[in-house]
Student: 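Please see the structure below; I have some questions.
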Amino acid sequence: MEKSKRLFIKSKRSFRRRLPPIQSGDRIDYKNMGLICRFISEQGKILSRRVNRLTLKQQRLITIAIKQARILSSLPFLTNEKQFEKSESTAKINTLRKKNRN
């Protein structure tokens, strides 16, 4: 009996609680690039709510702000230059193919 009780005893480890990523005074806006850049991956993707540790409302506002910044060209849609070069080269190939058909 004593062995089985020992297995279920929780360890009393202390842990430091993380600070929330957005303080109450921070404005979630497309102009606040310092804040927005924290929630974008290296590839330019919007990080998930679970990774960001945001509330649902904050995640929605961050997503809207990122999309507005992309539309206004404050943020690039693609941040990986190799992907951008590939898309340019495929566009050039497609235009050459169209010219050859005519």
Side-chain angles (χ1 to χ4, degrees):
M1 285 268 197
E2 290 179 26
K3 287 182 182 179
S4 63
K5 288 182 181 178
R6 287 183 201 163
L7 294 175
F8 296 107
I9 295 175
K10 293 182 180 179
S11 64
K12 295 183 179 180
R13 257 192 277 161
S14 64
F15 63 94
R16 192 181 84 188
R17 186 174 178 159
R18 291 181 175 174
L19 294 173
I22 298 177
Q23 274 68 33
S24 59
D26 290 340
R27 284 187 54 115
I28 301 174
D29 197 10
Y30 69 93
K31 299 174 197 169
N32 194 350
M33 296 306 294
L35 180 71
I36 287 176
C37 289
R38 288 192 285 170
F39 302 106
I40 298 177
S41 70
E42 292 177 4
Q43 298 173 338
K45 295 180 181 179
I46 301 171
L47 294 174
S48 69
R49 183 176 156 227
R50 188 169 34 108
V51 173
N52 290 335
R53 301 183 323 270
L54 295 174
T55 63
L56 184 62
K57 187 174 183 178
Q58 288 173 336
Q59 181 69 22
R60 276 198 216 117
L61 292 172
I62 285 289
T63 303
I64 291 168
I66 290 171
K67 290 179 180 180
Q68 287 175 343
R70 284 178 178 166
I71 290 169
L72 294 171
S73 301
S74 301
L75 272 176
F77 283 93
L78 296 172
T79 56
N80 193 350
E81 292 177 10
K82 291 179 183 176
Q83 290 178 350
F84 184 68
E85 289 173 2
K86 284 182 184 178
S87 64
E88 282 184 347
S89 63
T90 55
K92 288 179 184 176
I93 291 170
N94 289 337
T95 55
L96 289 174
R97 286 181 184 169
K98 288 179 182 177
K99 287 181 182 178
N100 291 337
R101 287 181 188 168
N102 294 332

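Since we're looking at a predicted model, the values are computed, not measured.
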Student: Do Met33 and Leu75 come close enough that some side-chain heavy atom pair is under 4.5 Å?
Tutor: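 Side chain of Met33 against side chain of Leu75, heavy atoms only: contact under 4.5 Å found.
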Student: Hey, what do you get for CD1 (Ile66) to NZ (Lys45), rounding to the nearest 0.5 Å?
Tutor: 13.5 Å
Student: Taking all non-hydrogen atoms of both residues, which atom of Ile71 and which atom of Phe77 are closest, and how far apart?
Tutor: N-CZ, 4.3 Å
Student: Please report the closest heavy-atom contact between Arg38 and Asp26, naming both atoms and the distance.
Tutor: NH2-OD2, 4.1 Å
Student: Hey, could you give me the CD1/CZ distance between Ile28 and Phe39, rounded to the nearest 0.5 Å?
Tutor: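 So the CD1 of Ile28 and the CZ of Phe39 are separated by 7.5 Å.
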Student: In Å and rounded to the nearest 0.5 Å, what is the CD1 to CD1 distance from Ile40 to Ile46?
Tutor: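 Between Ile40 CD1 and Ile46 CD1, I get 7.0 Å after rounding to 0.5 Å.
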Student: How long is the span from the CG atom in Leu61 to the CG atom in Asp29, to the nearest 0.5 Å?
Tutor: 10.0 Å
Student: Would you list the pairs meeting side chain to side chain donor-acceptor pair (under 3.5 Å) in which at least one residue belongs to residues 59-76, sequence neighbours left out?
Tutor: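 Listed by first then second residue: Asn52-Gln59.
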Student: Sequence neighbours excluded, which residues qualify as side chain to side chain donor-acceptor pair (under 3.5 Å) partners of Thr55?
Tutor: Gln58
